[in-house]
Q: 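Before anything else, here's the structure in question.
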Amino acid sequence: MMAQSRCYGLNSRGIPTPSPSRCLSSSLSRPPLRIQSWRIFGDNFDGNNIGYSVLAAKLLWRGAECWNECLRLLSIAEETALCSDDLDFRVSDFHGLIVQKRGILRPAGSVKNLLLLSDVILYELDVSTSCRIETINKEAAQNLVPNLCIPFDTAFYMPQAVNIHPQRYLQALYLACENLVKELSTSGTGEKELHLHKKSVNKLLDLEGEYQAVIICLGAKADMLPELAGRIPLRTCRGVVAHLKLPDDIGEEYPELGPSILSDAWLAIQGHRSLYMGSTWEWKSRNSSPNVSTSEASKALEELLPKAYAIYPDLKNWTFAGARAGLRAMPPLTPHGSLPLLGCVNDIIGENDGCKYWLLGGLGARGLLYHGWLGKLMAQAVLACNEQLIPSELTSWKKGIL
């Protein structure tokens, strides 16, 4: 009888975890495989649960691969949700959808932005991706969103960009993982199991001896594990997002299919009378609570509203309906940009026997864009016990630590 491989994922309700689970589950060539995902440190951590994530590719390192893999997982989640009676999505909220295909509009708010986005468009001409970027003038932009301010008579429109309801996406993707495990277990490719536990794990040693691999996906709380405390180069940053609604007595609604807006403050559109506005950046904060006090909300509105008014003046008719917050795990800056941290961390935690412990972290504010492709890389490396399968740009952070 073949030995059963057991793989364990530590997560804090963030975006990345179902992605490696999906990739591990789909490995047809492996012996019997048990995947156990544990949600730790409670249920109230991650800013991705506050409402929306806006997905659009831009000139990022390996951005095309990230974009295409994310779209593939979104398609899987949507198909799973359509075929399932287990997911109860309220129709009144986000129209009962996981994804809204609204597109995103980015006015050229400064000469710097104008030149930067022009470079992105030139890049798009050379590299085949499915995230098309169009340059449009003020008239075309205001046809999409009336009364929008368009400096320099130029805006950049990404018609394929989408708004995601993160909580629904995660629920549907995890259900897809469960369905895939059941399908593969009955197809003769070997027994596979997938389990989700809600339990506190205070240290990695709590898992010693039970699993062949442990993947740590804890976001900004990764260094709260004693084995990693002070040993991984993550910077924390708290962000507040405000929910705004248009009062019933105001007749000028946001266009039903109008795009979301990216500017110094972004607007993620939920519907013609509801949107989210973000986001603040409070560096060095360790406050991971999603709850926002009255004073913190007021400070966030003072910072964000003037930036949003400058692009969308009609927002002055909207009223504050609440705020939520999350804590980002920001990686260090490299010649390729701020890249996530991946790799085996056995040496860092003092375990020299093989590659049992792995880190997937530092996705910062780009978790939705990065998670699919990075999850695939991580699953391949873990199953092969070979860190060399991960691009060196994502593991180079360890050189300054070991």
Side-chain angles (χ1 to χ4, degrees), residues 7 9 11 14-30 33 35 37 48 52-84 87 89 94 97-104 123-124 127-133 158-184 187 189 192 194 215 217 260 339-340 342 360 363 365-384 389-391 394:
C7 188
N11 78 88
I15 286 285
T17 309
S19 175
S21 296
R22 171 80 189 181
C23 297
L24 288 166
S25 303
S26 61
S27 176
L28 297 176
S29 60
R30 294 291 298 176
L33 179 68
I35 305 168
S37 180
N48 290 313
Y52 288 92
S53 287
V54 180
L55 178 61
K58 62 177 184 178
L59 194 56
L60 296 174
W61 179 82
R62 307 295 284 268
E65 291 100 320
C66 295
W67 170 261
N68 291 328
E69 185 62 24
C70 186
L71 290 185
R72 187 182 73 85
L73 292 182
L74 284 172
S75 177
I76 290 171
E78 284 189 291
E79 183 178 350
T80 300
L82 287 173
C83 299
S84 174
L87 299 175
F89 296 160
F94 211 66
L97 302 172
I98 294 175
V99 178
Q100 285 192 356
K101 298 176 174 64
R102 291 181 168 274
I104 293 176
Y123 172 82
E124 292 294 315
V127 180
S128 176
T129 73
S130 56
C131 185
R132 189 173 79 253
I133 304 176
M158 294 161 273
Q160 276 91 22
V162 295
N163 280 18
I164 312 299
H165 194 293
Q167 187 173 17
R168 291 179 183 174
Y169 168 59
L170 292 175
Q171 290 172 343
L173 188 59
Y174 191 81
L175 180 59
C177 293
E178 291 182 319
N179 293 342
L180 180 61
V181 166
K182 293 176 184 177
E183 178 184 338
L184 294 177
S187 66
T189 60
K192 299 181 188 294
L194 175 65
I215 304 174
C217 308
S260 294
L339 300 185
L342 272 69
L360 195 168
L363 278 65
R366 297 170 181 160
L368 188 63
L369 182 62
Y370 277 136
H371 78 288
W373 185 61
L374 296 185
K376 177 185 287 188
L377 291 176
M378 178 61 73
Q380 292 170 346
V382 170
L383 291 173
L389 296 178
I390 300 173
L394 300 173

Q: Please report the closest heavy-atom contact between Leu73 and Tyr169, naming both atoms and the distance.
A: CB-OH, 3.3 Å
Q: Just verifying a value: how many Å separate Leu97 CG and Arg168 CZ, rounded to the nearest 0.5 Å?
A: 7.5 Å
Q: Looking at CD1 of Ile133 and CE of Met158, how far apart are the two atoms once the value is rounded to the nearest 0.5 Å?
A: 6.0 Å
Q: Using the side chain to side chain contact (heavy atoms under 4.5 Å, CB included) criterion, which residues pair with Ser84? Sequence neighbours excluded.
A: Asp86, Leu87, Leu175
Q: Do you know which two heavy atoms are closest between Ile98 and Ala77, and how far apart they sit?
A: CD1-O, 3.7 Å
Q: Report the residues that fulfil salt bridge (charged side-chain N to carboxylate O under 4.0 Å, His left out) with Lys101, sequence neighbours left out, ordered by chain and then residue number.
A: Glu78
Q: Would you say Thr80 and Tyr174 make side-chain contact, with heavy atoms under 4.5 Å?
A: no
Q: Heavy atoms only: give me the nearest Lys192-Val181 pair and the separation to one decimal.
A: O-CG1, 3.1 Å
Q: To the nearest 0.5 Å, tell me how far Leu368 CG sits from Cys70 SG.
A: 4.5 Å
Q: Go through the structure and list residues passing side chain to side chain contact (heavy atoms under 4.5 Å, CB included) with Pro391, not counting sequence neighbours.
A: Trp61, Arg62, Trp373, Leu377, Glu393, Leu394
Q: Look up atom SG in Cys217 and atom CE in Met378, then write down how far apart they are to the nearest 0.5 Å.
A: 7.0 Å
Q: I need the Leu389 CG to Leu342 CG distance, nearest 0.5 Å.
A: 12.0 Å
Q: From Glu69 CD over to Leu74 CG, what is the distance, rounded to the nearest 0.5 angstrom?
A: 10.5 Å
